[in-house]
Amino acid sequence: MRVLLTGGAGFIGQHVHHQLVAEGHDVIVLDSFRPDVHAHQPAPRPGLIVGDIRDAATVAAALDGIDSVIHLAAKVGLGVDLDDLDDYVSSNSLGTAILLRQLAHAKIQHLVYASSMVVYGEGRYDCDRHGRVAPGPRRTEDLDAGRFEPPCPVCGAQLHPGLVEEDAVLDPRNAYAATKLNGEHLAQTWARETGGRVTALRFHNVYGPGMPRNTPYAGVAAIFGSALERGEAPKVFEDGNQRRDFIHVRDIATAVTTSAAALPHQPAFAAYNVGSGTIHTIGDVATELSRAYDGPAPVVTGQYRLGDVRHITASSDRLRNELGWKPAYDLTTGLADLLSNARG
């Protein structure tokens, strides 16, 4: 299979590229080498096109002879402030729209789209009295007072977080989340109008070798690792009890290639959570990294970011059951692999 991999020079993209090549596929990488992610711009070479997903002519040329597309290119992360808003919309929503238009012109019908767990907003919650409920955004006054858990929106009681499934209500709560969901909607429209097949993979918290560092858009594991490499204690926001599903980047890569191979047999649109299936708190990850680096213990700051959600953990049973994928790493083996690569 000849594959166009957008964003193939990025953190996840490099691992997906390696997995595709290992499986015998012919891969063309299209990457803009954004300066907020990449320190250097390489010269074009066979198999690499340096260009922006928003440039229709570049995308059209990259699609020549392609069988399937894996679309990872995006501006990622929570964002710093509203000054990022137009860049998220342009890079993610507009970029995806231009790619989809060119796919239609090229009559390419198979697309794997990198989505995110952030499309759910807060995860699944149950109230003892009212059953499954969807709490609204947390209030600033509660966060300032250290009341981090979202209450039942009906009675105000304590909620029990659980695993979110793909048919949950989608409720993006920051610019990145909104553009990732918009990309899913655009891809669904493309599939309906062209007879194409699109699989949206909702990645959970990805970590592993090659994580972006020393940038406000990096993931929490990368931020903690960077602090420890400087000899500093990881700074944990809120009380550290935020629940997440951390998944190794090589497991993400096999989920992507498994999904790409299954596309001809998939419905017009399918969405899958991609997580390890194991729940950890952010405090857990900070503590495990501190031990692995033999560094200072984490410091719980009580600080917060207004766009953050409290708990979001996935059920990846659909991906396991329908496509036969399963992760190879747990958090202990994954962090050991991360540390081994960091130390060379």
Item checked: Over 12 non-hydrogen atoms of neighbours within 6.0 angstrom of NE2 in His130 -> yes
Checklist line | Glu322 atom CD, neighbour heavy-atom count above 12 within 6.0 Å | finding: yes
Checklist line | Arg310 with Asp239: basic N within carboxylate O range, under 4.0 Å | finding: yes
Notebook entry, point to check: Would you find a donor on one side and an acceptor on the other, under 3.5 Å apart, between the side chain of Arg197 and the backbone of Gln266?
Noted result: yes
Check: Could you go step by step and tell me if Phe237 and Ile282 meet the side-chain contact (heavy atoms from CB on, under 4.5 Å) rule?
Finding: CA-CA 9 Å; Phe237 280 14; Ile282 287 178; over 6 Å; no
Notebook entry, point to check: Considering only heavy atoms from C-beta outward, does the side chain of Leu143 approach that of Leu306 to under 4.5 Å?
Noted result: yes
Next item on the list: May I ask you to decide if His280's main-chain N or O and Asp284's side chain share a donor-acceptor pair within less than 3.5 Å?
Entry: no
Check: When hydrophobic residues are tied together by side-chain contacts of less than 4.5 Å, even through go-betweens, does Leu4 share a cluster with Met1?
Finding: no
Notebook entry, point to check: Under 3.5 Å, is there a donor-acceptor pair between the Tyr304 and Asp144 side chains?
Noted result: yes
Notebook entry, point to check: How about Val133 and Asp126: do any of their side-chain heavy atoms sit closer than 4.5 Å?
Noted result: no
Item checked: Gln188 side-chain N/O to Phe269 backbone N/O, donor-acceptor pair under 3.5 Å -> no
Checklist line | Electrostatic pair Glu149:Arg138 at N-O distance under 4.0 angstrom | finding: no
Notebook entry, point to check: Got Leu72 and Ile70 here, is their nearest side-chain heavy-atom distance under 4.5 Å?
Noted result: yes
Check: When you measure from the side chain of Gln242 to the backbone N and O of Gly240, does any donor-acceptor pair fall under 3.5 Å?
Finding: yes
Next item on the list: Would you tell me whether Tyr272 and Arg202 have side-chain atoms, one donor and one acceptor, within less than 3.5 Å of each other?
Entry: no
Next item on the list: Output yes when a side-chain donor or acceptor of Ser340 lies under 3.5 Å from a complementary backbone atom of Ala336, and no otherwise.
Entry: no
Next item on the list: Would you kindly confirm whether Tyr176 and Leu94 end up in one hydrophobic cluster when ILVMFWY residues are joined by side chain heavy atoms under 4.5 Å apart?
Entry: no
Item checked: Residue pair Asn182 / Thr179, side-chain donor-acceptor N/O under 3.5 Å -> no
Checklist line | Side-chain touch His185/Leu181, heavy atoms, less than 4.5 angstrom | finding: yes
Next item on the list: Decide whether Ser91 and Arg34 meet the rule of one side-chain donor and one side-chain acceptor closer than 3.5 Å.
Entry: yes
Notebook entry, point to check: How far apart are the C-alpha atoms of Leu163 and Ile279, what are their side-chain angles, what is the distance that settles it, and do they pass the side-chain contact (heavy atoms from CB on, under 4.5 Å) test?
Noted result: CA-CA 9 Å; Leu163 299 180; Ile279 298 168; 3.8 Å; yes
Next item on the list: Grab the two heavy atoms, one from Pro264 and one from Ala260, that are nearest each other, plus how far apart they are.
Entry: CD-O, 4.2 Å
Notebook entry, point to check: Does Pro151 offer a backbone N or O that forms a donor-acceptor pair with the side chain of Tyr125 under 3.5 Å?
Noted result: no
Check: Quick one: do the Arg54 and Ser90 side chains pair a donor with an acceptor below 3.5 Å?
Finding: yes
Next item on the list: Determine whether Val27 and Val59 fall in the same hydrophobic cluster, where Ile, Leu, Val, Met, Phe, Trp and Tyr are linked whenever their side-chain heavy atoms lie under 4.5 Å apart.
Entry: no
Next item on the list: Show the numbers, then the answer: is there a side-chain contact (heavy atoms from CB on, under 4.5 Å) between His17 and Val29?
Entry: CA-CA 8 Å; His17 188 189; Val29 169; 3.8 Å; yes
Item checked: Value rounded to 0.5 Å, distance of CD1 in Ile66 from CG in Leu103 -> 10.0 Å
Checklist line | Expected output: side-chain Ser276 to main-chain Ile247 donor-acceptor under 3.5 Å | finding: no
Next item on the list: Supply the atom-to-atom distance Leu289 CG to Asp294 CG, rounded to the nearest 0.5 angstrom.
Entry: 13.0 Å
Please table the atom pairs, donor to acceptor, closer than 3.5 Å between any side-chain atom in residues 106-113 and protein atoms at least two apart or in another chain.
residue : atom : partner : partner atom : Å
Gln109  : NE2  : Thr194  : O            : 2.9
Tyr113  : OH   : Lys180  : O            : 2.9

Margin query: Does either side chain, that of Asn241 or that of Thr281, offer a donor lying less than 3.5 Å from an acceptor on the other one?
Written below: no
Margin query: Looking at Asp337 and Arg250, is there a salt bridge between them, counting it only when a charged N and a carboxylate O are closer than 4.0 Å?
Written below: yes
Notebook entry, point to check: Between Val3 and Asp26, is any pair of side-chain heavy atoms under 4.5 Å apart?
Noted result: no
Check: Which word best sums up how the rings of Phe246 and Tyr207 line up, parallel for under 30°, tilted for 30 to 60°, or perpendicular for over 60°?
Finding: perpendicular
Next item on the list: Tell me yes or no: between the side chains of Glu165 and Ser315, is some donor less than 3.5 Å from an acceptor?
Entry: no
Item checked: Salt-bridge criterion met for Lys75 and Asp87 (N-O under 4.0 Å) -> yes
Check: Are Leu63 and Leu30 connected, step by step, through hydrophobic side chains (Ile, Leu, Val, Met, Phe, Trp, Tyr) whose heavy atoms are closer than 4.5 Å?
Finding: yes
Next item on the list: Flag the pair Val299 / Val236 as yes when at least one side-chain heavy-atom distance between them is below 4.5 Å, and no otherwise.
Entry: no
Margin query: Return the CD1 to CG distance between Ile98 and Leu186, rounded to the nearest 0.5 Å.
Written below: 11.0 Å
Notebook entry, point to check: Going through the distances and angles, do Leu335 and Thr332 end up as a side-chain contact (heavy atoms from CB on, under 4.5 Å)?
Noted result: CA-CA 5 Å; Leu335 291 180; Thr332 300; over 6 Å; no
Next item on the list: State the NE2-OG distance between His25 and Ser68, to the nearest 0.5 angstrom.
Entry: 9.0 Å
Note to self: Quick check: do Thr58 and Asp52 have side-chain heavy atoms less than 4.5 Å from each other?
What the structure shows: no
Notebook entry, point to check: If you measure from NE2 on His15 to OG1 on Thr257, what distance do you get to the nearest 0.5 Å?
Noted result: 13.5 Å
Check: Quick one: NE2 on His248 to CG on Leu338, what's the gap to the nearest 0.5 Å?
Finding: 7.0 Å
Check: Do any N or O atoms from the side chain of Asp251 and from the backbone of Tyr329 form a donor-acceptor pair under 3.5 angstrom?
Finding: yes
Next item on the list: Using modelled atom types only, decide if a donor and an acceptor are shared between the side chain of Gln14 and the backbone of Ala9 within a distance under 3.5 Å.
Entry: yes
Margin query: Looking only at the side chains, is there a donor atom on one of His160 and Asp128 sitting less than 3.5 Å from an acceptor on the other?
Written below: yes
Notebook entry, point to check: So, Asp245 and Thr313: side-chain donor and acceptor under 3.5 Å apart, yes or no?
Noted result: no
Next item on the list: Give a yes or no on whether the backbone of Pro35 and the side-chain of Gln41 come within a donor-acceptor separation of less than 3.5 Å.
Entry: no
Checklist line | Flag side-chain contact, heavy atom, 4.5 Å: Leu159 against Pro135 | finding: yes
Next item on the list: Could you list the residues that satisfy side chain to side chain donor-acceptor pair (under 3.5 Å) with Asn273, not counting sequence neighbours?
Entry: Tyr120
Notebook entry, point to check: Have His71 and Thr96 got a donor and an acceptor in their side chains that come within less than 3.5 Å?
Noted result: yes
Notebook entry, point to check: Is there a chain of hydrophobic side chains (I, L, V, M, F, W, Y, each step under 4.5 Å between heavy atoms) that links Ile53 to Phe33?
Noted result: no
